[in-house]
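One structure below.
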2 protein chains.
Amino acid sequence: MARPGKRINDPEGMRKKVLDVAEDAFQARGYNASSIGDLMAAAGVSGGALHHHFPTKKALALAVIDERVAAAVEETWIAPVLAAASAREGVRAVFEAVATELEQQGFVRGCPLNNLAHELSLADPDFRIALAGIFDGWRRAISDKVRADQQVGRDEGTDPERFAALAVAAYSGAMSMAKAAQDASLLRDCLAGLERSALSPSQGGLAARRRNRILPRPRTL
Amino acid sequence: MARPGKRINDPEGMRKKVLDVAEDAFQARGYNASSIGDLMAAAGVSGGALHHHFPTKKALALAVIDERVAAAVEETWIAPVLAAASAREGVRAVFEAVATELEQQGFVRGCPLNNLAHELSLADPDFRIALAGIFDGWRRAISDKVRADQQVGRDEGTDPERFAALAVAAYSGAMSMAKAAQDASLLRDCLAGLERSALSPSQGGLAARRRNRILPRPRTL
DNA sequence: TTGACAAAACAGGACAACCGGTCTGTTTTA
DNA sequence: TAAAACAGACCGGTTGTCCTGTTTTGTCAA
């Protein structure tokens with residue numbers, strides 16, 4: 001296969017491979033429990049190469065946070081919410097999509113952002129700021145969507161910031177419990193708790209809107 | 001002070017001192033980031049003594065979880081909820097009490113249970129089961145309180161399990177965000193999000209009560 | 001095109017610090 | 001007087017980082 005005398009430099013590919021492995025390891029085992037030796041072996045990368053692209057473990061983690069965790073939040077939350085008919089519909093759709101996905105895959109690894117946030121927020125200011133920024137963008141996307149809804153006359157009684165904070169918090173906490181219990185149905189319980197109250201646009205309005213589907217869209221990520 | 005030739009055996013006191021230090025260290029820095037050497041130094045305990053009371057680091061962590069984390073949840077959540085006039089009142093009171101406490105102390109260290117749960121749930125089955133059990137008792141206390149309310153005719157439209165799951169999730173997630181942002185006001189935002197909706201007993205004032213069966217089976221675990 | 005040549009990319013070993021656990025021995029206590 | 005409680009040294013393994021080389025690649029003059 002690979003000729004011993006030949007070598008092909010592929011900086012970007014190697015960097016991506018390291019980030020792939022690190023993202024997965026940090027998610028599955030956490031930052032401190034993932035040694036760079038493990039990462040080197042898993043990625044098939046030499047110490048010198050790793051050190052060339054990421055001088056320190058902290059630099060690697062920062063890259064994972066900025067490039068991968070942020071992208072994951074963007075992909076599984078922000079984009080679907082923006083694409084939904086309304087903020088409430090978007091939140092509901094994401095909850096159900098994630099629950100369905102977790103039920104299919106059989107185990108719960110938790111939310112990448114929350115996993116790292118709990119372990120690293122207090123460990124280093126740089127980590128904390130990077131993680132807080134992702135939380136911020138997450139909430140902002142939802143609250144902006146609520147404001148957009150309101151400009152069309154919907155949900156005028158809802159405070160955008162508070163609704164966004166509750167949605168993100170409920171999801172984060174639900175994933176935390178689901179991870180500990182290894183039971184994705186807790187996500188559905190939390191969504192149901194929101195449904196009959198916070199997520200019903202006409203505030204407990206029964207007659208209003210009843211046509212929402214059970215499972216909007218598979219949305220495999 | 002302490003005579004060099006004299007020694008006083010105090011097994012329980014020494015055990016308590018180690019648990020105090022470990023609880024604090026695990027909360028502030030996490031499990032993996034806290035070395036037993038640090039703990040020994042902080043507690044002023046020799047290696048032999050520590051090993052006598054806690055053979056392994058895992059045993060120490062398990063003791064912290066079973067005796068301290070569970071007690072913390074009991075003290076700050078379960079007892080206040082049980083003592084409150086209703087489940088909703090209890091939840092509101094705890095949110096506000098914690099928010100006020102965090103604002104006074106100026107920084108947010110997060111929820112001890114969630115901090116350890118994120119780091120250890122996937123690391124070891126024993127950890128996971130112990131942590132999941134605490135989450136379970138937490139939710140059960142709230143749902144039991146809701147059922148007690150309902151036996152007096154209140155909140156009959158509320159699903160106890162779903163309400164409890166949402167309350168715990170919202171709190172857990174709010175603390176997660178508050179820790180990352182170092183901003184306790186996020187707790188108040190989430191409470192407000194719950195207030196005007198889920199936490200209002202008369203469900204928006206309209207024709208309350210509506211058994212929504214939006215999601216398939218209730219599925220209590 | 002070619003041929004230096006410097007910089008980037010990569011390989012792999014070395015290293016000191018640290019980790020958690022064990023071990024032997026001493027002191028206290030029931 | 002034996003067991004419990006404690007002290008402190010010790011050890012093999014791991015950690016993250018650094019260091020010295022080697023190979024590849026882009027650049028630019030000839």
Side-chain angles (χ1 to χ4, degrees), chain A residues 1-23 25-26 28-65 116 119-120 123-124 126-127, chain B residues 1-23 25-26 28-65 116 119-120 123-124 126-127:
Chain A
M1 286 287 177
R3 278 312 229 301
K6 275 296 175 189
R7 198 184 80 191
I8 328 148
N9 284 3
D10 182 19
E12 296 180 9
M14 179 160 277
R15 190 186 134 94
K16 168 173 158 42
K17 192 160 43 174
V18 171
L19 283 176
D20 286 342
V21 168
E23 177 187 10
F26 290 166
R29 272 158 291 170
Y31 174 79
N32 283 296
S34 302
S35 74
I36 62 172
D38 295 340
L39 301 180
M40 281 168 46
V45 165
S46 71
L50 179 58
H51 180 262
H52 178 73
H53 292 282
F54 305 101
T56 65
K57 191 183 182 185
K58 173 180 170 178
L60 173 57
L62 242 19
V64 168
I65 293 171
L116 287 181
E119 188 176 5
L120 301 179
D124 188 294
D126 295 329
F127 284 146
Chain B
M1 281 292 178
R3 275 317 226 295
K6 275 295 175 189
R7 196 184 82 190
I8 330 147
N9 282 4
D10 182 18
E12 296 180 10
M14 180 159 278
R15 191 186 134 92
K16 168 172 159 40
K17 190 160 44 174
V18 171
L19 283 176
D20 285 343
V21 168
E23 178 187 10
F26 290 166
R29 271 157 293 170
Y31 175 80
N32 283 296
S34 301
S35 74
I36 61 172
D38 294 340
L39 301 180
M40 282 167 46
V45 165
S46 71
L50 179 57
H51 180 262
H52 177 75
H53 292 282
F54 306 100
T56 65
K57 193 184 180 184
K58 172 180 171 178
L60 172 58
L62 242 20
V64 168
I65 292 171
L116 287 180
E119 189 177 5
L120 301 179
D124 189 293
D126 295 328
F127 285 146

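Letters A, B, ... mirror the listed sequences (proteins, then strands); counts begin at 1. Side-chain atoms are counted along with the backbone in the values below, which use heavy atoms only and exclude waters and symmetry mates.
Between B:E12 atom CD and D:dA4 atom P the separation is 15 Å, expressed in whole Å. Summarising the geometry, the separation between CG on B:L39 and P on C:dG20 is reported as 8 Å, rounded to the nearest angstrom. Atom C1' of nucleotide C:dT22 and atom NZ of B:K57 are separated by 17 Å, given to the nearest angstrom. Look at CZ on A:R15: it is 14 Å from C1' on C:dA9, rounded to the nearest Å. If you take CE of B:M40 and P of C:dC18, they are 14 Å apart, rounded to a whole angstrom. Whole-Å rounding puts the B:L50 CG to D:dA9 P distance at 16 Å. B:N32 has its CG atom 11 Å from the P atom of D:dG16, to the nearest Å. Counting to the nearest Å, the P atom of D:dC18 and the CZ atom of A:F54 are 16 Å from each other.
A donor-acceptor distance shorter than 3.5 angstrom exists from the side chain of B:E119 to the backbone of B:Y31, with no hydrogens or angles considered.
Set against C:dA9, D:dA4, C:dG20, the side chain of B:I36 has C:dG20 as its closest nucleotide. Proximity note for B:P11 (side chain, C-beta onward) versus D:dA7, D:dA5, D:dT24: the nearest is D:dA5. Each of C:dG21, D:dT24, D:dG16 was ranked by its minimum atom distance to the side chain of B:T56; first place goes to C:dG21. Comparing D:dA7, C:dC10, C:dG21 against the side chain of A:H52 picks out C:dC10 as the nearest. Closest contact between the side chain of A:A49 and the listed nucleotides D:dC6, C:dC10, C:dG20 involves C:dC10.
Within 3.5 Å, no donor on the side chain of A:R7 pairs with an acceptor on the base of D:dT24, nor the reverse.
Of all heavy-atom pairs between B:G47 and B:M40, the closest is N-CE, 3.4 Å. Here the shortest heavy-atom pairing between A:S34 and A:R29 reads OG-CB, 3.8 Å. Heavy atoms only, all atoms of each residue included: B:F127 and B:L120 are closest at CB-O, 3.6 Å. Nearest heavy atom pair, residue B:D126 against residue B:K58, reads OD2-NZ, 2.7 Å.
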**Complete:** Pairing string of DNA chain D (Watson-Crick or G-U wobble, both atom distances under 3.5 Å; | = paired to other strand) is ||||||||||||||||||||||||||||||

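Between the NZ atom in B:K57 and the CG atom in B:L39 there is a gap of 7.5 Å [rounded to 0.5 Å].
Dashed line: the shortest gap from a side-chain N or O of B:H51 to OP1 or OP2 of C:dC23 is not under 4.0 Å. In this structure, A:S46 does not reach the C:dC10 phosphate: none of its side-chain N or O atoms is under 4.0 Å from OP1 or OP2.
Toward the 5′ end of DNA chain C lies the nearest nucleotide of B:Y31, the other residue of the pair B:Y31 and B:I8 mapping further downstream.
In this structure, A:L19 and A:F54 have side chains that are in contact, with non-hydrogen atoms separated by less than 4.5 Å.
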